[in-house]
Protein chains: 2
Amino acid sequence: MDVMSSTRQRLLDAARDEFAAHGIAGARVDTIAARAGVNKERIYGYFGSKEKLFDAVITEAKAEHAKGIGLPEGDLAEYVGRLYDYHRQHPLLLRLLLWESLHYDDRPVPDQDRRAQGYDEKIAALAHALGTDVDRETAATLFTLLGLAAWPHTLPQLAGFLMPGDTEDRHNALRAHTVAFARRALEHHP
Amino acid sequence: MDVMSSTRQRLLDAARDEFAAHGIAGARVDTIAARAGVNKERIYGYFGSKEKLFDAVITEAKAEHAKGIGLPEGDLAEYVGRLYDYHRQHPLLLRLLLWESLHYDDRPVPDQDRRAQGYDEKIAALAHALGTDVDRETAATLFTLLGLAAWPHTLPQLAGFLMPGDTEDRHNALRAHTVAFARRALEHHP
DNA sequence: GGTTGACAACCAACTGGTTGGTTGGTCACA
DNA sequence: TGTGACCAACCAACCAGTTGGTTGTCAACC
């Protein structure tokens with residue numbers, strides 16, 4: 001338990017766990033308040049609604065994510081490996097993104113502009129590393145690399161089913177396979 | 001509206017839409033019954049519970065999916081393209097899989113054995129097309145190819161954000177990019 | 001220094017609409 | 001007459017959000 005953190009931050013922490021576990025519809029505001037050790041009314045005082053609390057959680061998680069992994073530069077295949085490791089060590093972020101994606105479907109997510117910031121920089125760095133222009137093709141490449149790294153954590157049951165056995169072994173194998181796959185595609189980039 | 005279909009089947013159809021749209025926790029059994037045009041009690045008579053109805057929906061959707069797209073043979077990059085098109089034309093399946101994956105987290109999904117059937121065949125076909133053995137590496141390759149095709153439909157908002165503009169154009173570009181990416185990785189397979 | 005008032009953080013208790021699931025019975029048909 | 005499909009009405013638990021009030025803090029004022 002956090003010895004000294006603000007009520008607001010404890011709500012955010014508790015909400016992250018609850019939303020990552022059960023999604024927007026499945027999360028219970030009473031549970032969040034109880035786990036934060038504060039009264040439920042504080043959620044509405046600080047955030048306004050369950051859904052706005054979710055948005056605040058996502059925004060925070062994405063900011064941490066952007067800080068946690070750097071830009072795509074140098075060995076791009078290893079960048080994919082770093083992304084893979086990040087998702088392995090911080091599984092909540094991807095779960096939050098998936099809940100959000102399913103929830104908003106093809107409607108734009110709130111806060112889109114503010115969450116944009118990091119990506120221009122990433123596309124530019126990737127274009128530099130590839131020796132290409134900053135164009136749609138490079139954006140598509142970035143998107144695909146993000147997907148390669150995230151996919152094994154997106155449908156882990158399917159992975160566990162196609163590659164039975166110990167979870168740790170499977171992850172090691174999948175990481176190596178994913179990095180090698182990305183390397184082959186990137187090395188022969190036109 | 002289906003002019004002649006059994007009550008059970010109409011419940012399954014209505015449930016597929018509802019679950020794909022809102023997930024297990026977000027779906028409403030009253031809505032499902034109303035859209036099927038039957039009494040809610042029928043859900044419990046036929047399926048037993050909301051969650052068992054969800055399982056029935058998923059099982060049916062996966063069976064259709066397996067039938068709808070063939071085996072990975074011939075041009076494997078085009079197999080990825082076919083998968084991409086399938087997800088574009090039948091977006092409900094992937095949404096159902098994602099809801100299920102998030103719901104069961106790392107617990108095994110029910111019915112695992114019965115849903116297994118198709119995959120052995122797919123791995124064997126892929127091994128044959130690649131000229132490799134039926135081993136974990138081939139399973140990992142299949143898993144990655146499935147992911148490449150599914151990823152743009154998994155986080156469509158991120159795609160729309162990285163590649164702004166018309167949805168149709170973006171899909172055409174992403175499909176071509178994904179197929180080309182897969183081709184480069186597969187052509188230089190060790 | 002002590003009193004007062006304003007304000008923000010917080011909480012226990014409440015509310016009323018919603019929800020998954022059940023019950024008792026009608027109807028058609030064998 | 002018995003049986004299975006079906007339904008209207010019901011129910012108790014649940015849930016997001018609200019309300020009225022308590023407490024602690026801090027500054028203004030005498």
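For the numbers below, each heavy atom of this structure counts, side chains included, while hydrogens, waters and symmetry mates do not. Letters A, B, ... are given to chains in the order of the sequence lines, protein chains preceding strands, and every chain is numbered from 1. Please read all numbers here as calculations on a predicted model, not as lab measurements.
- A cation-pi arrangement is absent between B:Arg107 and B:Tyr104, since the terminal nitrogen or guanidinium carbon is not both under 6.0 Å from the aromatic centre and inside a 45° cone about the axis.
- The separation between B:Leu11 atom CG and D:dA5 atom P is 13 Å, rounded to whole Å.
- One can place CD1 of A:Ile43 at 17 Å from C1' of D:dT19, the figure rounded to the nearest angstrom.
- B:Trp99 and A:Trp99 have tilted rings, their planes meeting at an angle from 30° to 60° on a 0 to 90° scale.
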Would B:Gln157 and A:Ser101 count as a side-chain hydrogen bond (donor to acceptor under 3.5 Å, both in side chains) if you check the C-alpha gap in whole Å, the side-chain angles of each, and the deciding distance to 0.1 Å? CA-CA 7 Å; B:Gln157 299 96 338; A:Ser101 174; 3.1 Å; yes

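- Here D:dC7 presents its C1' atom at 14 Å from CG of B:Asp30, a figure rounded to the nearest Å.
- Closest approach to the B:Lys40 side chain among C:dG21, D:dA16, C:dT19 is made by C:dG21 (side chain taken as heavy atoms from C-beta onward).
- In this structure, B:Arg42 places its CZ atom 13 Å from P of D:dA8, rounding to the nearest Å.
- Atom CG of A:Asn39 and atom P of D:dT18 are 13 Å apart (whole Å).
- The residue B:Phe47 sits apart from the nucleic acid: no heavy atom pair falls under 4.0 Å.
- Put simply, A:Thr7 has a side-chain N or O that comes within less than 4.0 Å of OP1 or OP2 on C:dC10.
- The aromatic rings of A:Trp151 and B:Phe143 lie tilted to each other, with the angle between the two planes from 30° to 60°.
- If you check distances only, the side chain of B:Lys50 never reaches the base of C:dG21 with a donor-acceptor pair under 3.5 Å.
- In summary, the side chains of B:Arg88 and B:His171 do present a donor paired with an acceptor at a separation below 3.5 Å, with no hydrogens or angles considered.
- The OH atom of A:Tyr44 sits 13 Å away from the C1' atom of C:dT15 (whole-angstrom rounding).
- Residue contacts for A:Ala25: at a heavy-atom cut-off of 4.0 Å it reaches no nucleic acid atom on any strand shown.
- We find that CG of B:Leu53 is positioned 10 Å from P of C:dG21, with the value rounded to whole Å.
- The listed nucleotides are D:dC7, D:dC15, C:dC10; the one nearest the side chain of B:Val38 is D:dC7.
- Taking the nucleotide of DNA chain D with the nearest heavy atom to each of B:Tyr46 and A:Ser49, the more 5' of the two is matched to B:Tyr46.
- Between A:Arg28 atom CZ and D:dC14 atom C1' there is a gap of 8 Å when expressed in whole angstrom units.
- With C:dA12, D:dC6, D:dA16 as the candidates, the nucleotide lying closest to the side chain of B:Glu41 is D:dC6.
- B:Ala33 comes within contact range of no nucleotide atom at all, as no heavy-atom separation falls under 4.0 Å.
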